[in-house]
Amino acid sequence: QLSLIGDGHHLPVALIRTLLTVKGAEKLMLVSDASPLCGCPPGYYQLWGAAVHLAEDGSLRNPETGYCCGSAYSLSQCVAMLSQQETFDNRLLNQLASQNPQALLQAYSR
């Protein structure tokens with residue numbers, strides 16, 4: 001299984017579409033990488049001992065390097081964002097965010 005952070009900042013939506021084509025939906029899982037700043041307003045914060053910037057677009061980055069520092073999106077926000085894009089219908093999003101992770105957990109619990 002390949003886990004994809006579906007916040008639109010870690011991976012471009014076009015790459016997620018490409019991975020769907022190449023790997024198939026049954027081999028992908030949607031995850032969030034949600035940080036403690038999920039749901040906070042835009043601004044500058046301290047997170048895990050480092051300065052971070054939560055931008056208006058929802059990206060969470062180190063202001064000096066520009067690197068991602070986790071996500072400010074919950075899994076439900078990732079699903080909502082992807083539902084507004086071509087290709088991602090409710091059936092597919094349910095499979096990626098719920099059914100595939102559940103199947104993986106069941107496989108490891110046996």
Say you draw a straight line from [atom1] of [X] to [atom2] of [Y]; how long is it, rounded to the nearest 0.5 Å?
X: Q95; Y: L28; atom1: CD; atom2: CG; answer: 8.5 Å
X: S109; Y: L104; atom1: OG; atom2: CG; answer: 10.0 Å
X: Q99; Y: E26; atom1: CD; atom2: CD; answer: 12.0 Å
X: L96; Y: L4; atom1: CG; atom2: CG; answer: 7.5 Å

Option from V79, I5, L60, D7 for which side chain to side chain contact (heavy atoms under 4.5 Å, CB included) with Y73 holds:
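Going through V79, I5, L60, D7 one by one, the side chain to side chain contact (heavy atoms under 4.5 Å, CB included) with Y73 is satisfied by D7 alone.
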Please determine which of L15, I16, D33, V31 meets the side chain to side chain contact (heavy atoms under 4.5 Å, CB included) test together with H10.
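It is D33; the other options fail the test.
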Closest non-hydrogen atom pair between A51 and P63, with its separation
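Scanning both residues completely, I find the closest heavy atoms to be O-CD, 3.3 Å.
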Provide the closest heavy-atom pair for C38 versus S74 in the form atom of the first, atom of the second, distance.
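Shortest heavy-atom contact: SG-N, 3.3 Å.
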If you group Ile, Leu, Val, Met, Phe, Trp and Tyr by side-chain heavy-atom gaps below 4.5 Å, do [X] and [Y] land in one group?
X: L93; Y: M29; answer: no
X: Y67; Y: L11; answer: no
X: V22; Y: F88; answer: no

Donor-acceptor pair, side chain of [X] and main chain of [Y], under 3.5 angstrom:
X: Q106; Y: A103; result: no
X: R61; Y: A55; result: no
X: N100; Y: A25; result: yes

Counting C-beta onward and ignoring hydrogens, is there a side-chain heavy-atom pair between Q77 and S71 closer than 4.5 Å?
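No, every pair of side-chain atoms sits at 4.5 Å or beyond.
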Are side-chain heavy atoms of L92 and L20 found at a separation under 4.5 Å?
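Yes. Closest side-chain heavy atoms under 4.5 Å.
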Can you establish whether the number of heavy atoms outside Q46 located under 6.0 Å from its atom CD is more than 12?
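Above 12, so yes.
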Above 12 or not: heavy atoms from other molecules or residues under 6.0 Å from CG of N90?
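Result for CG/N90: open.
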